[in-house]
Structures are given as structure tokens and as C-alpha cells.
Amino acid sequence: MTRRPSRFSVRVRLQIALIAVVVGATLLATWQFSQSSGAYQDAVRQEVRRQAAMVEDIREVYADEGPEALRAAVARARADGLRPIRHDGRLAASEYALAAQTAFHQPRPARRDSLLGNASYRHNELGYDMPRRLADVQAHSPGLYGLAPDAGMRAGDRWAAWGTASVAGGVLAVLTAVCAANVLRPRRWRHAPAASGRRVDRRTEIIPQPATARSGRRAGALFGLLVCVLPLLLPLGQILAAGGEQRAQAEAARKAVRLKDSLEGFGLRHAFLTEARRTALAAEFDATARELAATDTGISPADARHERVLAAVENTIAVRVRDIATYMGRAPDAADRLDAATADALSKQPEERRAAGAEQRRQVDLAERAGRSSLLLSAATAVAVVAQMLAVAAFAADRRRLLWWPALGAVASTALTVAAFT
């Protein structure tokens, strides 16, 4: 009579099902964290593109178009100030003619859609509205300013939350199995015959069961359970740590890009404002020099009187030029309809930049700690797998002395795991 092959006991089949659940949770969490990493990286790419567009638009307005518009505004201010006295003397007439011709001809070669060429940006007294011009420039790139890196980060966080849930499910399954292995001792798992008459193999165990082990072998079963559980749990922790590292790296990269481009954008506006204030200061110096010229003993009283009148007018012009510099180089506000990130970059104060830099460094530290944890958990997993193989060999040979080696491996793996989370 042919002997029918034995089959695994219910206990072993449940253990196989548990391992399948843990492996499935590990694979699912790996895929979910991979999706979250992809979303984070896409958010970084969008941030880079968006910030680069912002800097280029700021440069176009404040570095390319702004200086020409400032010169035209200053010339117009001089012409307006000198117009009432243009017939009082040859010097005033000459200065007025020069300013008026400059104010008239300078805008003519400018593009019709530029700051200087479009009359809608012109303020009657204060030059040109540069923030509104920047808002219009940005409106021509809706695809770039419509990018939403923050939404990409939120999508990555949702995938990470699902991945964390999968990890938690796998950990719960392993802990449930550990508790069951130390508590459950159902008699039918050991003595009930197979319904089909097929012989049941009750000696094979994938996961050691201290609850059903003989009294003299319970300590060995507990040790075997520990060595078996470590390779199941540690990869889940490694996946979680790697996911945290990916998020922190992405956030650190985004904040570094924002900080760098914010500094560059603010620098462009500040450089324009500084040059505009220098122009206003030069106008004040001209007025002072005109006053000194009026005291020159080599000129006639009529010329001296004319110089003093012209100096008083130029003092008034200098005040207006200073107002023009302040208006054109001002920080934007909500009424200017600028992109929020651009408005923030152009108006952020030094203490806010320091806080942003500190947050970026904090994200870098988080990424480094998470990377260190992932690396230590990888090493702990490798050591645990070796310890499990040595333990299987020692139990199969029934040589207790050989258990010292897997015991050392289990201790080393546990120490690496503790170090990963401290």
C-alpha cells in the first residue's frame, strides 16, 4: 500500500499564513513609501521650476526694466520742477531742455509691453508701479506659477500615512503571533487526527512555540522565537525610517531652494532700491553744490541770484526723487496681486530668513538621523538573518553549545535596533 504524504498541522499552516501577511505588509508598505517618495521628489522638481521662474521675472523687472524707468522718472521730475523757472535764465533753460528731452525720448524705443513703454504703469508723481508690472509678467506664465509643490508634499504624506498603516499592520501581526506562541496551547493542534486520514506532521515548526514546548526546552523555544521575529520586524522599521528620510530630504531641498531664490529675489529689489536712493542722494548733492556756486565771487549778483533760485528748485526735485525711489523700490503688498511666494521673497525680513534657514537645517538633521536609523536597521536585519540561520543549524544538530553564536547575533541585532531609535 502506498503511503500518503503527510501534511502540515493547522499550527504550521497558520504560521505560514502569518509570514505571508507580514511579507505582504512589507511589500505593500515598500510600494506605498515608494509612491510617497516619488510625490516628494516631484514636489521638489516643481519647487525648483517655480522658484527659477520667479527669480527670472524679478530680474526682468528690477534689473532690466527698472533702471531705465527710474532714469525716465527722474528726468520727468527734473523737467516738472524746472518748468516754472525755465525763462528766468540761461542755466535753468538749459537744464530744463535737457531733462524734458530725456523724459520725452527715453521711453520711445521701449517695448510697448514693458515697464517704460506701457503708460498704464506710470504714476503721475512717483515714477512707475514695479510690483504691478511684475504681477503682469507673472501672469504670462500660468503654467509655472500654477505648480503646487505643497500639494505634491501633501500627496506624498497621504501615501506615507498608508505606508505607516501597512507597517503597523505587519507589526501587529508579528506581535499577535508572539503573544499566541507564548499563550495558546490548544490540544487539538497536537492530538486531533486528520479528517482525511493523511498523516499530520506535528514536529515541524516555522515559528517556535514556547507555549507548547516541553518544560526543558521552553527557554530554547523563547530564544528561537526571538531570533525568528527579528527578521520579520526589522525590515518594517527600516522601511519606516527610509520613508522619514525621504520626506525630510525633500523638505530640506525645497526650503533650501526657497531660501536661496528668496535671497536672490530680495537682493535684486534691494539693489534697485539702493541705486534709486543713490540717485536721490546725488540730486541732493547737486542742489548743495548749486548753493555753493552762488557764493562764488567771480559771478555777477544776477547770476548768483539765479543760482540760488535754481538750487532751491533742485532741493525740491531731490525730495521728489527720493519719493520716487521709495515708491518704485517698495516691498509689495496684497493690493499688488503678486504671487504669494514672490511677495514673500521680496518683503521677507532678516529675522524671517534666519528662521527659514534654521528650519531648513532642522530638516537636514532629521534626514541625517532617519538615514542613520535606516542604515542601522539594515545592519540589524542582516545580523538577525545570520543569527536565525545559525540557530536553525544549532537546533537541527541538537547542539546547545552552538547556540552561543546566534545568541551573540541576536544581542548585536537588538543593540543595533536600540541604537537606531536613540
Enquirer: Run the salt bridge (charged side-chain N to carboxylate O under 4.0 Å, His left out) test on Glu125 and Arg76 for me, step by step, so that the C-alpha distance in whole Å, both residues' side-chain angles and the decisive distance to 0.1 Å come before the verdict.
Expert: CA-CA 9 Å; Glu125 299 292 332; Arg76 190 177 302 110; over 6 Å; no

Enquirer: Salt bridge or not between Arg372 and Glu368? Use side-chain N to carboxylate O under 4.0 Å.
Expert: no

Enquirer: Does atom CZ of Arg49 have more than 12 heavy-atom neighbours from other groups under 6.0 Å away?
Expert: no

Enquirer: Does the distance from a Lys or Arg side-chain N to an Asp or Glu carboxylate O, for Arg45 and Asp42, drop under 4.0 Å?
Expert: yes

Enquirer: Tell me whether the centres of the aromatic rings in Trp31 and Trp159 are closer together than 6.0 Å.
Expert: yes

Enquirer: Is Asp57 salt-bridged to Arg269, going by a charged N under 4.0 Å from an acidic O?
Expert: no

Enquirer: For the aromatic rings, using the six-membered ring if either is Trp, is the centroid distance between His123 and Tyr327 under 6.0 Å?
Expert: yes

Enquirer: For side chain to side chain donor-acceptor pair (under 3.5 Å), just list the numbers for Ser36 and Arg247, CA-CA rounded to whole Å, side-chain angles, deciding distance to a tenth of an Å, and then say yes or no.
Expert: CA-CA 8 Å; Ser36 74; Arg247 194 198 189 285; over 6 Å; no

Enquirer: Given Ser374 and Glu245, is the side chain to side chain donor-acceptor pair (under 3.5 Å) satisfied, shown in steps?
Expert: CA-CA 8 Å; Ser374 179; Glu245 181 185 14; 4.8 Å; no

Enquirer: Under a 4.0 Å N-O cut-off, is there an ion pair linking Glu275 with Arg71?
Expert: no

Enquirer: Taking atom CZ of Arg277 as the centre, report whether more than 12 heavy atoms of other residues, nucleotides or ligands fall under 6.0 Å from it.
Expert: no

Enquirer: Thinking salt bridges, do Asp136 and Arg337 make one under a 4.0 Å N-O criterion?
Expert: yes

Enquirer: Between the side chains of Asp80 and Arg83, is the shortest nitrogen-to-carboxylate-oxygen separation below 4.0 Å, so that they form an ion pair?
Expert: yes

Enquirer: I'd like to know if Arg50 and Asp261 make a salt bridge, using a cut-off of under 4.0 Å between side-chain N and carboxylate O.
Expert: no

Enquirer: Should we count CZ of Arg111 as having more than 12 external heavy atoms under 6.0 Å?
Expert: yes

